[in-house]
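Just below is one structure, and these are the notes that go with it.
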Amino acid sequence: MRAADLLAGHDTELVTQATEFYALPEVRELVTPGRTDLVLHEIATRGWYDHTPGELLIGAKLAWRNHARCIGRYTWQSLKLLDARSCDTADEVAQACWEHLEISSNAGRLRPVITVFRARRSQADQIRIINPQLIRYAGYQSAGGRVTGDPRHVGLTRQAMALGWRGAGTRFDVLPLLIAVHGQPPALFPVPPRYVLEVPIQHPRFAWFEGLGLRWHANPAISDLCLAAGGLRYTAAPFSGWYVGAEIAARNLSDQNRYDMLPVIAERMGLDTSRHSSLWRDRALLELNEAVIFSYAKAGVYLVDHHTAAAQFTAHVKREASAGRSVPADWSWLVPPMSPSTTPVFHMALGPPDLSVRPNFVRQDELAWQDNAIAGEEPR
């Protein structure tokens with residue numbers, strides 16, 4: 001019987017994307033002749049297929065290379081895969097997440113790692129990690145509306161507390177993981193402290209800075225994106241690289257709807273905060289960025305400054321062009337939030353990104369038990 005007859009009535013999107021995946025040059029170099037026919041036959045007989053570990057790794061690498069919102073794609077070929085598709089229970093998923101944190105954190109010498117759990121079979125048969133990152137800080141909102149901790153995660157904190165979790169109530173309480181499998185409500189897993197690498201924030205010249213009690217985690221392990229490759233949707237695929245310093249200093253610790261530390265820092269610096277034209281926010285922002293870069297270096301934890309990240313992205317664009325490939329790019333995400341016009345990315349002519357490119361990391365609908373939409377940082 002012809003393949004077309006066997007595939008009649010099957011998921012046409014799966015068939016199309018699987019065929020396109022195995023036609024990619026990077027995949028063709030990897031697989032043996034006839035692999036596409038075997039995959040199509042598997043779809044026809046089972047309704048789905050499975051990637052080999054090698055196919056899964058190249059799919060993840062290409063997803064990183066194609067991800068328009070990531071400035072750190074220069075090292076896309078260095079990605080390490082932890083194949084966790086055998087995990088079936090929430091406990092097994094949690095243990096694999098701890099392994100991911102340990103291997104990717106690498107005692108401060110961070111390295112790009114992705115842990116991939118089994119692909120979704122149906123709405124009721126999928127694995128989901130509810131947290132936007134494996135390490136996130138709680139946000140406790142009082143009856144009067146005041147938030148202690150990270151305001152972005154007030155909703156997630158409420159969900160964790162509804163499941164029985166109780167934090168210490170500080171500004172930097174690490175949230176537990178909420179993991180859902182087989183369509184069941186999420187289960188709660190506190191992150192063991194030994195897997196949480198954090199950096200206390202100090203300043204090289206201002207002794208009072210340490211007294212602000214600021215800190216941030218070392219590992220930006222994105223955990224709520226879906227790895228889409230070859231028509232398969234890996235709804236749980238934690239991915240981590242390293243931070244760009246400005247992500248922490250010019251967003252997480254500075255945004256008014258996050259930790260909003262610039263007024264406090266400006267006051268301690270003795271700046272005139274009564275008028276915008278004094279540029280007090282800019283001066284405070286610069287010192288906070290310097291403090292983050294200094295502190296991570298002192299702690300032996302790898303991160304890059306925004307100028308280095310922009311230069312690496314420029315080199316990536318040139319390298320891709322020499323290979324005859326264009327670079328999907330979302331300008332609004334790639335331009336650093338700190339001194340953007342001083343970086344080459346600001347001046348690049350970047351068209352609107354094609355979000356349909358596959359493989360890729362894509363957003364997935366927020367789960368029903370979340371009461372706020374959380375837009376976490378993207379892979380770096």
Side-chain angles (χ1 to χ4, degrees), residues 67-73 110 131-139 147-157 171-172 174-175 198-203 209 212-225 239-266 279-297 301-310 312-313 329-343 345-346 361 363 372-380:
H67 195 65
R69 291 180 169 180
C70 178
I71 197 173
R73 284 172 276 174
L110 282 90
N131 309 55
Q133 292 192 28
L134 298 184
I135 307 295
R136 291 278 79 178
Y137 295 119
V147 176
T148 299
D150 195 340
R152 170 168 284 180
H153 302 307
V154 167
L156 186 60
T157 303
R171 291 185 297 166
F172 297 100
V174 175
L175 282 164
E198 293 180 290
V199 176
I201 308 301
Q202 309 169 52
H203 194 281
F209 211 100
L212 298 177
L214 300 179
R215 60 196 307 108
W216 205 256
H217 56 93
N219 193 334
I222 311 298
S223 53
D224 64 346
L225 294 179
F239 175 101
S240 58
W242 45 76
Y243 269 118
V244 177
E247 292 179 288
I248 301 169
R251 297 303 309 276
N252 299 337
L253 295 176
S254 292
D255 283 357
Q256 291 182 328
N257 62 347
R258 298 293 296 284
Y259 279 83
D260 194 22
M261 291 302 302
L262 297 185
V264 176
I265 293 171
L279 304 183
W280 65 269
R281 289 187 180 277
D282 306 77
R283 299 179 193 281
L285 184 62
L286 176 61
E287 299 302 340
L288 180 52
N289 273 267
E290 183 178 359
V292 167
I293 293 170
F294 169 80
S295 299
Y296 273 64
V301 173
Y302 183 72
L303 96 169
V304 294
D305 63 87
H306 52 288
H307 294 288
T308 299
Q312 290 174 344
F313 181 74
D330 188 333
W331 188 91
S332 64
W333 278 74
L334 299 177
V335 173
M338 175 74 178
S339 305
S341 64
T342 66
T343 68
V345 181
F346 181 85
F361 292 100
R363 290 224 161 270
N372 68 330
I374 301 172
E377 293 112 2
E378 300 288 355
R380 297 293 186 205

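As a basis for the values below, the full set of heavy atoms in this structure was taken, side chains included, without hydrogen atoms, waters or symmetry mates. One-based numbering along the sequence shown.
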Indicate the atoms forming the closest heavy-atom contact of [X] with [Y], along with that distance.
{"X": "Pro340", "Y": "Val335", "answer": "CB-CG1, 3.1 Å"}
{"X": "Ser240", "Y": "Ala221", "answer": "CB-CA, 3.6 Å"}
{"X": "Ala218", "Y": "Val301", "answer": "CB-CG1, 3.5 Å"}
{"X": "Asn289", "Y": "Ala246", "answer": "OD1-CA, 3.5 Å"}
{"X": "Ala309", "Y": "Val304", "answer": "CB-CG2, 3.9 Å"}
{"X": "Glu247", "Y": "Arg251", "answer": "O-CB, 3.2 Å"}

- prompt: Centroid-to-centroid, Tyr296 to Trp242, below 6.0 Å?
  reply: no
Centroid-centroid under 6.0 Å between Phe172 and His217 rings: no
Just wondering, do [Y] and [X] contact through their side chains at under 4.5 Å, heavy atoms?
{"X": "Pro337", "Y": "Asp255", "value": "no"}
{"X": "Phe239", "Y": "Leu225", "value": "no"}
{"X": "Arg281", "Y": "Ser254", "value": "no"}
{"X": "His307", "Y": "Thr343", "value": "yes"}
{"X": "Leu214", "Y": "Arg171", "value": "yes"}
{"X": "Trp280", "Y": "Pro263", "value": "yes"}
{"X": "His203", "Y": "Leu288", "value": "no"}

Straight-line distance of [X] [atom1] to [Y] [atom2], nearest 0.5 Å:
{"X": "Asp150", "Y": "Leu156", "atom1": "CG", "atom2": "CG", "answer": "10.0 Å"}
{"X": "Leu286", "Y": "Leu262", "atom1": "CG", "atom2": "CG", "answer": "11.0 Å"}
{"X": "Asp224", "Y": "Arg363", "atom1": "CG", "atom2": "CZ", "answer": "5.0 Å"}
{"X": "Arg136", "Y": "Asn252", "atom1": "CZ", "atom2": "CG", "answer": "6.0 Å"}
{"X": "His306", "Y": "Met338", "atom1": "NE2", "atom2": "CE", "answer": "5.5 Å"}
{"X": "Thr308", "Y": "Ile71", "atom1": "OG1", "atom2": "CD1", "answer": "10.5 Å"}

- prompt: Only one of Val292, Val199, Val244, Leu110 forms a side chain to side chain contact (heavy atoms under 4.5 Å, CB included) with Leu303, so which one is it?
  reply: Val292
message: For the backbone of Asn131 and the side chain of Ser223, can you confirm whether one donor and one acceptor N or O come within less than 3.5 Å of each other?
response: yes
Side chain to side chain contact (heavy atoms under 4.5 Å, CB included) between Ile265 and Leu212, intermediate numbers included: CA-CA 9 Å; Ile265 293 171; Leu212 298 177; 3.9 Å; yes
- line: The residue among Arg258, Glu198, Arg215 that forms side-chain hydrogen bond (donor to acceptor under 3.5 Å, both in side chains) with Tyr137 is Glu198
message: Determine whether Leu134 and Asn219 satisfy the following criterion, side chain to side chain contact (heavy atoms under 4.5 Å, CB included), listing intermediate values before the conclusion.
response: CA-CA 9 Å; Leu134 298 184; Asn219 193 334; over 6 Å; no
message: If you apply the rule side chain to side chain contact (heavy atoms under 4.5 Å, CB included), what do you find for Trp216 with Tyr259, and how did you get there?
response: CA-CA 11 Å; Trp216 205 256; Tyr259 279 83; 3.6 Å; yes
- prompt: Can Trp331 and Phe346 be said to form a side chain to side chain contact (heavy atoms under 4.5 Å, CB included), step by step?
  reply: CA-CA 8 Å; Trp331 188 91; Phe346 181 85; 3.7 Å; yes
